2 protein chains.
Amino acid sequence: MTTELSRDTAPEEDWLRLDRQICFSLHAASRAFNGVYRVLLKELGLTYPQYLVMLVLWEHGETPVKKLGEHLRLDSGTLSPLLKRLEAAGLVRRERSTRDERSVQVALTDEGAALRERAVLVPRRIMSATGFSLEEIRDLHIRLDRLTTALDTAALEETPGRR
Amino acid sequence: MTTELSRDTAPEEDWLRLDRQICFSLHAASRAFNGVYRVLLKELGLTYPQYLVMLVLWEHGETPVKKLGEHLRLDSGTLSPLLKRLEAAGLVRRERSTRDERSVQVALTDEGAALRERAVLVPRRIMSATGFSLEEIRDLHIRLDRLTTALDTAALEETPGRR
DNA sequence: CGCCATTTGATTGTGCACAACTGAATTGTG
DNA sequence: CACAATTCAGTTGTGCACAATCAAATGGCG
C-alpha cells in the first residue's frame with residue numbers, strides 16, 4: 001500500500017495538482033485527437049467512432065455486433081445507435097444471422113467498401129499532425145496499451161462483483 | 001511533406017491497421033482512466049469532469065466560468081449543465097458578478113471545500129492503479145502535452161476560418 | 001418435452017463534448 | 001449620445017460512453 005514518496009516534497013496538498021496534470025493530459029490529448037479527426041473525417045461524412053467501426057469492417061469484413069464491441073471495447077448501448085446511423089448513411093447493412101437469430105451481422109455496402117479508397121489518406125495526415133516520428137508513436141502506443149491494461153485490471157479489482 | 005517511409009513495408013493498405021492502433025490506444029487509455037476514476041469518485045458523488053472542475057476550484061478558489069473553460073479547455077455548452085449539477089449537489093454556488101453582469105462567478109460552498117479532505121486520497125490510488133512510477137508518469141505527461149499542442153495547432157491550420 | 005441459465009442485441013436514462021445560435025452586457029468609435 | 005462589434009453565459013441539437021434493464025433465442029439438463 002504505502003509506496004515510497006518521502007522525496008518529491010509532497011505534503012498531501014500538492015498531489016491534487018500533480019494528479020490534475022496526469023489524468024488531464026490524457027483527457028486533453030484524447031479530445032485533441034478527436035478534434036483533428038473531426039476535421040479530416042468530415043469530408044468522409046464520418047465521426048471518429050464511426051471511423052473506428054469502419055476500420056474494423058474494412059479489415060475483417062462482415063462482423064457480428066458482439067465482435068465489433070470486443071474489438072473496440074464498446075457495448076451495445078453505444079454501438080446500436082451508431083450502427084443505425086451508418087446504415088442510414090448507406091455504408092453498412094445490418095441483418096440477423098439465420099443460424100443464430102440473436103446475432104446481428106454487420107456488413108459493408110458497396111458504398112461503404114468504396115469509402116476505404118478515400119480513407120486511406122487519413123492516417124498519414126494524422127501522423128504529420130502529431131509531429132511525432134514513427135518511433136515515438138510506436139513507443140507511445142506501447143506505453144498507452146500498458147497503461148490501459150493496468151487500469152482495466154485495477155478497475156476490476158476495485159469493483160469485485162460487477163459486470 | 002513527404003516524410004521518409006521507404007522502410008516499414010507500408011503498401012498504403014497497412015496504414016489503416018497501424019493507424020487504428022495509434023488513435024485507438026489513446027481513445028482506449030482515456031476511457032480506461034475514466035473507468036477507474038468513475039469507481040473511485042463514486043463515493044465522493046462526482047463524475048470525472050466534475051472532479052476536474054473541483055480541482056480547479058480547490059486550487060484557485062472562486063473562478064468565473066470563462067476561466068474554468070480555459071483551464072479545462074471546455075466550452076460553456078459543457079460547463080453550464082455540469083455546474084448546475086454541482087450546484088444542485090450543494091458543492092458550488094453560481095452568482096453573477098456585480099462588476100460585469102455578463103460574468104458568472106463559481107465559488108465553493110463549505111460542503112464543496114470540505115470534500116477536498118476526502119478527495120486528497122484519490123490521486124495516489126490512481127497512481128498505484130496505473131502501475132507506473134513517478135518518472136514514467138512525468139515522462140508520459142510531457143509527451144502527451146507535446147502531442148496535444150501539435151494536434152491543436154494542426155487542427156487550427158486545417159480549419160482556417162473557424163473559432 | 002419443460003424448465004432454467006446464458007448469450008445477444010436493443011432500449012432507456014444520465015452525463016459529457018462540441019457546434020451553432022441566442023441574448024444580454026460591455027466596450028469602442030464617431 | 002448612438003450604434004456596431006465584442007464578450008460572455010446559456011440553450012439547443014447531435015453524437016458518444018456506459019450502467020441498468022429487458023426480451024428473445026439458444027443450449028443444457030432432468
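Convention: sequence-line order gives letters A, B, ...; per-chain numbering from 1. Because only heavy atoms are used, hydrogens play no part in the values below, and waters and symmetry mates are left out as well, while side chains stay in. Computed from a predicted model, the values in this text were never measured in an experiment.
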Whole Å only: how far is the [atom1] atom of [X] from the [atom2] atom of [N]?
X: L79(A); N: dT11(C); atom1: CG; atom2: P; value: 13 Å
X: E95(A); N: dG9(C); atom1: CD; atom2: C1'; value: 15 Å
X: F24(B); N: dA17(D); atom1: CZ; atom2: P; value: 10 Å
X: Y51(A); N: dG15(D); atom1: OH; atom2: P; value: 20 Å
X: K67(B); N: dC8(D); atom1: NZ; atom2: C1'; value: 14 Å
X: L83(B); N: dG15(C); atom1: CG; atom2: P; value: 14 Å
X: Y48(B); N: dC18(D); atom1: OH; atom2: P; value: 14 Å
X: D100(A); N: dT26(D); atom1: CG; atom2: P; value: 6 Å

Please identify which of these residues, L121(A), L46(A), I126(A), meets the side-chain contact (heavy atoms from CB on, under 4.5 Å) condition with L40(A).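 The residue from L121(A), L46(A), I126(A) that satisfies side-chain contact (heavy atoms from CB on, under 4.5 Å) with L40(A) turns out to be I126(A).
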In plain terms, say whether [X] and [Y] are close enough for a salt bridge, that is, a side-chain N and a carboxylate O under 4.0 Å apart.
X: R94(B); Y: E87(B); answer: yes
X: E111(B); Y: R93(B); answer: no
X: E70(B); Y: K67(B); answer: yes

Is it the case that R146(B) places NZ or CZ above or below the six-membered ring of F132(A), under 6.0 angstrom from the centre and within 45 degrees of the axis? yes
Can you tell me whether the side chain of R102(A) and the base of dT26(D) have a donor-acceptor pair closer than 3.5 Å? no
Among dG10(D), dT8(C), dG15(D), the nucleotide that comes nearest once only the side chain of T47(A) is considered: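 Within the option list, the nearest is dG15(D).
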Between [N] and [X], is there an OP1 or OP2 to side-chain N/O distance shorter than 4.0 Å?
X: R99(A); N: dA25(D); answer: no
X: S76(A); N: dG9(C); answer: no
X: R31(B); N: dC18(D); answer: yes
X: R73(B); N: dC18(C); answer: no
X: K84(A); N: dT11(C); answer: yes

Pairwise 5' ranking along DNA chain D for V104(B) and D75(A), keeping only the more 5' one: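 Checking each residue's closest nucleotide, the 5'-ward one belongs to V104(B).
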Can you work out whether R38(A) or S80(A) has the more 5'-proximal nearest nucleotide on DNA chain C?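 The answer here is S80(A).
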On DNA chain C, nearest-nucleotide positions of V65(A) versus H27(A): which is more 5'?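 Closer to the 5' end of DNA chain C: V65(A).
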